[in-house]
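Heavy atoms only: backbone and side chains are in, while hydrogens, waters and symmetry mates are out. None of these values were measured; they are calculated from a predicted model.
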Number of protein chains: 2
Amino acid sequence: MAERGRPRTFDRGEALHRAMLLFWEKGYQGTSMSELTAAMGINAPSLYACFGSKEALYRETMALYDDYEGGGFGSALAAAPDARTAIETYLMGSAKLFTRPGKPAGCMVVLSVIQAAGVSEEAACELRDARAEMQRLLEARLQAEAAKGALPASCDISAIASFYITVQQGMSIRARDGATRAELEAVARGAMAAWTGLTRART
Amino acid sequence: MAERGRPRTFDRGEALHRAMLLFWEKGYQGTSMSELTAAMGINAPSLYACFGSKEALYRETMALYDDYEGGGFGSALAAAPDARTAIETYLMGSAKLFTRPGKPAGCMVVLSVIQAAGVSEEAACELRDARAEMQRLLEARLQAEAAKGALPASCDISAIASFYITVQQGMSIRARDGATRAELEAVARGAMAAWTGLTRART
DNA sequence: CGATTTATTTATCGCTTGCTACAGAAAGGT
DNA sequence: ACCTTTCTGTAGCAAGCGATAAATAAATCG
């Protein structure tokens, strides 16, 4: 079953990647079609034929980000020997991810809380779910630790997860504001200083 | 020295306040002139005559926010009996500020890291300075505590300030994402659990 | 009063936005 | 060869953007 018709003259994945970098940096509304077509090296009709619409393209770049840029945290959390190490790895990994040279600072999913303004309600829900998923992952890891008996049954797992998620999201903003990797790592270490207090059994 | 010419038919402060709420909620690019004029109850020429341009209006709303909405933290920090209480008050106050019913969620200055996209370089610097000012305030309060001898001389004051600023900025995002005041307060308490570890003398 | 000053209304301006109609080009199918 | 299918470039759509020109209205000044 060979492909019929005139073959595409550009690499779809490469074009998608370039679109992702633009959306990541400037948000949905902040990125115009002319910027997109210029960066992707194609004309508007090719973009629409290949991706459907600006919003569909945006959602696809978000999925690409989830898979290749923001990813790996789920397995990393599971692989860590204990929950404390898992969360520390999560924060230290975020510090590195948020400050990679040549890539926009901060996390595309986190910043989309604001950057996705103008997108449809449906897409906004998708993004919100992606954010909630991270909280769910953290809670699951903590729950597993509690099941092992390594965490007091009385401690508030969702509050712990919420705290570390908040720190990580704050790191996204700080990265956007110019914070270096070293600064973010110091923040991560600061957050880990709360571990003992957070996981102590309730009185 | 009475005023010459036809008097203005709208209240400048009231119009500015309404513009602030719009910019706060939707950001600079996300707010259009037609939305502004509709919300302010005036026509475009009145807006330009009174405020100069969309960007000038934006900067003026930011100043208004600084004075009346985000303000009070400087004096609150100084009034607290000790640095720990000062920071706890800062975070708990933020939790309240970020979730006031009838007002956009989160902090206008913090969210401007992203929401101010499209604004001039000069205005962006102003906003960045406003953010840096908060870090400076926290550091000054910690420094004062250290001068009293209530904080080990060896602890890293800028790292402590950086950590709590990051948490507060993270809370802004969480608020935008729908977090309740109670959730944010739990995060604030979580951050305070790091205090002992952060302020312990270095080994 | 008339002259001056300022604000308001109406009706745009030039430009960019996201998007698409159309004609031509390059492949496979038969 | 010819037809079909798919992609590409040009050219342009309606709508909205930020901003303004011109005419009118309402105040003070002399």
Side-chain angles (χ1 to χ4, degrees), chain A residues 1-16 18-20 22-62 112 115-124, chain B residues 1-16 18-20 22-23 25-62 115-124:
Chain A
M1 183 62 112
E3 298 141 23
R4 297 267 303 241
R6 178 173 176 173
R8 192 172 283 129
T9 59
F10 60 93
D11 184 303
R12 191 182 194 278
E14 171 67 18
L16 187 61
R18 294 190 191 177
M20 180 192 72
L22 262 184
F23 279 134
W24 186 356
E25 187 186 347
K26 306 175 150 230
Y28 179 72
Q29 279 189 349
T31 306
S32 69
M33 284 300 302
S34 39
E35 287 173 308
L36 284 169
T37 53
M40 299 164 84
I42 62 179
N43 292 111
S46 295
L47 190 156
Y48 279 87
C50 192
F51 299 101
S53 70
K54 186 189 176 186
E55 175 166 327
L57 174 62
Y58 180 67
R59 296 169 77 160
E60 210 166 322
T61 62
M62 210 39 109
S112 78
Q115 280 191 327
V119 101
S120 75
E121 196 55 44
E122 194 187 352
Chain B
M1 181 63 114
E3 298 142 22
R4 298 267 302 238
R6 177 174 176 173
R8 191 172 284 129
T9 59
F10 61 93
D11 184 301
R12 193 183 193 277
E14 171 66 18
L16 187 61
R18 294 190 190 177
M20 179 192 72
L22 262 184
F23 279 133
E25 187 185 347
K26 307 175 150 229
Y28 179 71
Q29 279 189 350
T31 307
S32 69
M33 284 299 302
S34 39
E35 287 173 308
L36 284 169
T37 53
M40 299 165 82
I42 61 178
N43 293 113
S46 294
L47 191 155
Y48 280 88
C50 190
F51 299 100
S53 70
K54 186 189 176 187
E55 175 166 327
L57 174 62
Y58 179 67
R59 295 169 78 162
E60 210 165 324
T61 61
M62 211 38 108
Q115 281 191 326
V119 101
S120 76
E121 195 56 42
E122 194 187 352

Is the distance from OP1 or OP2 of [N] to the nearest side-chain N or O of [X] less than 4.0 Å?
X: A/S53; N: C/dG18; answer: no
X: B/Y48; N: D/dA19; answer: yes
X: B/S34; N: D/dG16; answer: no
X: B/T9; N: C/dA7; answer: no
X: A/S32; N: C/dT17; answer: yes

Between [X] ([atom1]) and [N] ([atom2]), how many Å, whole number?
X: A/I42; N: C/dC19; atom1: CD1; atom2: P; answer: 14 Å
X: B/Q29; N: D/dG16; atom1: CD; atom2: P; answer: 18 Å
X: B/E35; N: D/dG16; atom1: CD; atom2: P; answer: 12 Å
X: A/L57; N: C/dT17; atom1: CG; atom2: C1'; answer: 16 Å
X: B/K54; N: D/dA19; atom1: NZ; atom2: C1'; answer: 12 Å
X: B/D11; N: C/dT8; atom1: CG; atom2: P; answer: 12 Å
X: A/L36; N: C/dT17; atom1: CG; atom2: C1'; answer: 12 Å
X: A/N43; N: C/dC22; atom1: CG; atom2: C1'; answer: 14 Å

Between side-chain atoms of residues 22-31 of chain A and protein atoms elsewhere (two or more places apart, or another chain), which donor-acceptor pairs fall under 3.5 Å?
{"unit_1": "A/W24", "atom_1": "NE1", "unit_2": "A/G106", "atom_2": "O", "d": "3.1"}
{"unit_1": "A/K26", "atom_1": "NZ", "unit_2": "A/E35", "atom_2": "OE2", "d": "2.7"}
{"unit_1": "A/T31", "atom_1": "OG1", "unit_2": "A/G27", "atom_2": "O", "d": "2.7"}

query = Taking side chain as C-beta onward, heavy atoms only, is B/F10 less than 4.5 Å from B/M40?
reply = no
ask   = Do the non-hydrogen side-chain atoms of B/R59 and B/S53 ever get within less than 4.5 Å of each other?
value = no
query = Counting any heavy atom closer than 4.0 Å, what does A/T31 reach on the DNA or RNA strands: base, sugar-phosphate only, or nothing?
reply =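 Touches sugar-phosphate only.
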query = Reckon A/A49 touches a base, only the sugar-phosphate, or nothing at all at heavy-atom distances under 4.0 Å?
reply =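 Counting heavy atoms under 4.0 Å across all strands, no contact is made by A/A49.
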key: First encountered from the 5' end of DNA chain C, between A/P45 and B/P45   = B/P45
query = Salt bridge or not for A/E3 and A/R8, using N-O below 4.0 Å?
reply = no
Non-hydrogen atoms of A/L16 and A/L57 that approach each other most closely = CD1-CD1, 3.7 Å
Restricting to nitrogen or oxygen on both sides, can you table the protein-nucleotides 2-6 of chain C pairs closer than 3.5 Å?
{"unit_1": "C/dT5", "atom_1": "O4'", "unit_2": "B/R4", "atom_2": "NH2", "d": "3.3"}
{"unit_1": "C/dT6", "atom_1": "O2", "unit_2": "B/R6", "atom_2": "N", "d": "3.1"}

query = Between the main-chain N or O of B/E14 and the side-chain N or O of B/D11, is there a donor-acceptor pair closer than 3.5 Å?
reply = yes
query = Does A/T37 use its side chain to pair, donor to acceptor, with the backbone of A/M33 at less than 3.5 Å?
reply = yes
